[in-house]
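Encoded as structure tokens, the structure appears first; notes follow it.
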Amino acid sequence: MKTVAEIIEQNAFSHSDLVALLAAEGNDRQLIYNKAAEVKAKYIGNKVYLRGLVEYSNKCRKNCYYCGIRLGNAKVNRYTVDDDEVVQAAKYIKQLGYGSMVLQSGELMTPSFVDAIERLLLRIHAETENTLGITLSMGEQTEETYSRWFNAGAKRYLLRIESSTKELYYKLHPDDDTHSYDIRLQALHTLRKVGYQVGSGVMIGLPFQTLDHLANDLLFLQNLDVDMVGMGPYIEHSDTPLYQYRHLLPSVEKRLELSLKMVAILRIMMKDINIAATTALQTLRADAREQAVVVGANIIMPNLTPQSFREQYFLYQNKTVVKDDAFAYHEQLEQAINAIGCEIGYNAHGDSRHYAERNMNN
Ligand code: SAH
Ligand code: SF4
């Protein structure tokens with residue numbers, strides 16, 4: 001049997017190699033973290049890029065079994081942030097020097113929603129002198145919609161596959177046309193075709209999930225040749241169907257450890273992509289985001305949703321809701337980033353190097 005020390009020096013990884021890495025404990029686990037940090041230092045450096053996140057709307061047409069803002073959750077007060085408030089947030093993001101913003105929302109496909117996002121993108125660019133990189137995370141849309149939003153100035157898109165194993169995917173979603181695995185996968189290909197920097201990812205530590213599934217996910221992200229990844233722990237929400245399986249969940253410590261291992265292993269596999277240290281990590285432990293940066297992540301998405309809406313965007317329970325003033329929060333974040341030997345990449349888009357390389361080679 002190969003040792004972990006041998007596997008991490010390979011250039012390619014089989015499914016069984018990845019399962020062995022995911023199962024590593026103690027000193028072996030530390031070897032993986034050290035290797036990931038070494039790869040990151042060589043290919044990415046110590047800059048952390050920030051994307052100001054605006055949770056634009058919690059209205060959603062879908063019923064994902066894990067998500068607190070699913071259509072079927074009648075307890076949610078539904079909102080959409082006013083354009084003026086989004087533009088104000090965008091200006092503040094620019095002022096903080098973040099260089100990029102992310103607009104995220106539930107999945108809506110109505111013509112009025114599609115028009116509204118297009119108009120909003122044009123307005124944000126006009127009112128921030130075309131300086132911000134804009135990422136969208138608004139679920140599955142038609143090719144026409146993706147193209148219109150791209151032409152209006154969104155250049156990156158995040159669409160997690162959630163789980164790349166079909167069988168597990170359908171334990172997390174109803175088996176119907178609105179939640180089709182094949183359509184979600186197709187949407188990822190469409191985003192690439194339209195020209196976006198494409199991001200995907202999965203949830204980690206789900207009920208029914210095994211190391212086999214997580215190894216599949218790592219290979220899936222590599223085969224799809226993604227430019228960016230956002231993946232983090234699954235966190236239960238009591239008003240969702242998946243909550244009934246909470247007794248099957250790994251402990252919080254285990255979910256954190258698996259999430260950090262996934263980030264580290266992916267960094268070793270995909271050396272020049274952007275990898276986010278997610279908010280869900282921070283919800284499970286205050287310093288987990290910084291730990292993810294130490295073992296390979298290079299992106300953080302501070303929440304800049306207007307305060308009055310934050311408690312309405314609960315994808316999962318106990319989500320960290322920062323009540324501090326955004327500037328005080330920013331100062332704390334900068335200190336935390338500096339304390340681990342990294343620096344914020346100010347006033348830059350921090351685009352995926354992987355995307356740039358692929359387009360140069362084409
Ligand atoms: N509606 C869009 C974007 C918003 S949801 C979409 O689904 O693509 C963004 C992400 O939140 C989802 O991709 C999912 O991975 C994550 N999420 C939802 N519920 C979660 C939970 N209970 N725990 C952890 N992450 C969750
Ligand atoms: Fe809607 Fe996204 Fe939540 Fe699914 S994960 S219910 S699509 S917001």
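Positions are given from 1 along the sequence. Indexing begins at 1, ligand by ligand and atom by atom, following the structure's order. Heavy-atom basis, side chains included; hydrogens, waters and symmetry copies ignored.
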Inset, instruction - Heavy-atom distances under 4.0 Å are what count here, so tell me which part of S137 touches ligand 1: side chain, backbone, both or neither. - result: both

Inset, instruction - Between Y65 and ligand 1, find which residue part has any heavy-atom pair under 4.0 Å and reply side chain, backbone, both or neither. - result: neither

Inset, instruction - Could you tell me if the ring centre of F208 sits under 6.0 Å from that of H213? - result: no

Legend entry - Contact check: Y316 vs ligand 1, nitrogen or oxygen atoms, below 3.5 angstrom: no

Legend entry - salt_bridge(K319, E55) N-O dist < 4.0 Å: yes

Inset, instruction - Answer yes if the side chains of D17 and S14 hold a donor-acceptor pair under 3.5 Å, and no otherwise. - result: yes

Legend entry - Protein contact of atom 7 (O) of ligand 1 - nearest heavy atom, named by residue and atom, plus distance: R184 NH2, 3.8 Å

Legend entry - With sequence neighbours excluded, residues passing ring pair (Phe, Tyr, Trp, His ring centres under 6.0 Å) with Y43: none

Inset, instruction - Record the part of C64 in heavy-atom contact with ligand 1 below 4.0 Å; permitted values are side chain, backbone, both and neither. - result: neither

Legend entry - atom 8 (S) of ligand 2 protein-contacted, heavy-atom criterion under 4.0 angstrom: yes

Inset, instruction - Hey, could you give me the OH/CZ distance between Y98 and R51, rounded to the nearest 0.5 Å? - result: 12.0 Å

Inset, instruction - Name the closest protein heavy atom to atom 9 (C) of ligand 1, giving the residue it belongs to and the distance to 0.1 Å. - result: Q104 NE2, 3.5 Å

Inset, instruction - Using heavy-atom distances, let me know which of Y56, Y66, Y234 sits nearest atom 19 (N) of ligand 1. - result: Y66

Legend entry - atom 25 (N) of ligand 1: the protein heavy-atom neighbour that sits closest, reported with distance to 0.1 Å: M203 SD, 3.5 Å

Inset, instruction - For the residue pair Y79 and F309, categorise the inter-ring angle as parallel (less than 30°), tilted (30 to 60°) or perpendicular (more than 60°). - result: parallel

Inset, instruction - Please name all residues satisfying side chain to side chain contact (heavy atoms under 4.5 Å, CB included) with R78, sequence neighbours left out, ordered by chain then number. - result: N58, K59, I69, N73, V76

Inset, instruction - Could you tell me the residue and atom name of the protein heavy atom closest to atom 24 (C) of ligand 1, and the distance to it rounded to 0.1 Å? - result: P233 O, 3.4 Å

Legend entry - Crowding at NZ, K193 (>12 non-hydrogen neighbours, <6.0 Å): no

Legend entry - H237 near ligand 1 by a heavy-atom separation under 4.0 Å: no

Legend entry - Protein contact to atom 1 (N) of ligand 1 [nearest heavy atom, distance to 0.1 Å]: S105 O, 3.0 Å

Legend entry - Side-chain heavy atoms of Y49 within contact of S100, under 4.5 Å: no

Legend entry - Lys/Arg N to Asp/Glu carboxylate O, K254 vs E25, below 4.0 Å: yes

Legend entry - Atoms of protein origin (N, O or S) under 2.8 Å from atom 1 (Fe) of ligand 2: C60 SG

Legend entry - Contact check, Y243 vs ligand 1, heavy-atom distance below 4.0 Å: no

Inset, instruction - Provide, to 0.1 Å, the distance between atom 15 (O) of ligand 1 and the closest protein heavy atom, together with that atom's residue and name. - result: E162 OE1, 2.6 Å

Inset, instruction - May I ask whether G201 has any heavy atom positioned less than 4.0 angstrom from an atom of ligand 1? - result: no

Inset, instruction - Please examine the side chains of R160 and L158, heavy atoms only from C-beta on, and report whether any two atoms are closer than 4.5 Å. - result: no

Legend entry - Partners meeting ring pair (Phe, Tyr, Trp, His ring centres under 6.0 Å) with Y146 (sequence neighbours left out): Y157

Inset, instruction - Identify, for atom 22 (N) of ligand 1, the protein heavy atom at the shortest distance, and state residue, atom and that distance. - result: I235 O, 2.7 Å

Inset, instruction - From the options L21, V39, L18, L221, select the one residue that forms a side chain to side chain contact (heavy atoms under 4.5 Å, CB included) with M269. - result: L18

Legend entry - Contact with ligand 1 for C60, non-hydrogen, under 4.0 angstrom: no

Inset, instruction - Pull out every atom of ligand 1 sitting under 4.0 Å from any heavy atom of Y313, numbered as shown with elements. - result: 4 (C)

Inset, instruction - State which residue, out of D227, N359, N274, D272, fulfils the side-chain hydrogen bond (donor to acceptor under 3.5 Å, both in side chains) condition with H354. - result: D272

Legend entry - Nearest non-hydrogen protein atom, atom 16 (C) of ligand 1: R160 NH1, 3.7 Å

Inset, instruction - Say whether, by atom type as modelled, one donor and one acceptor occur between the side chain of R255 and the main chain of Y234 under 3.5 angstrom. - result: yes

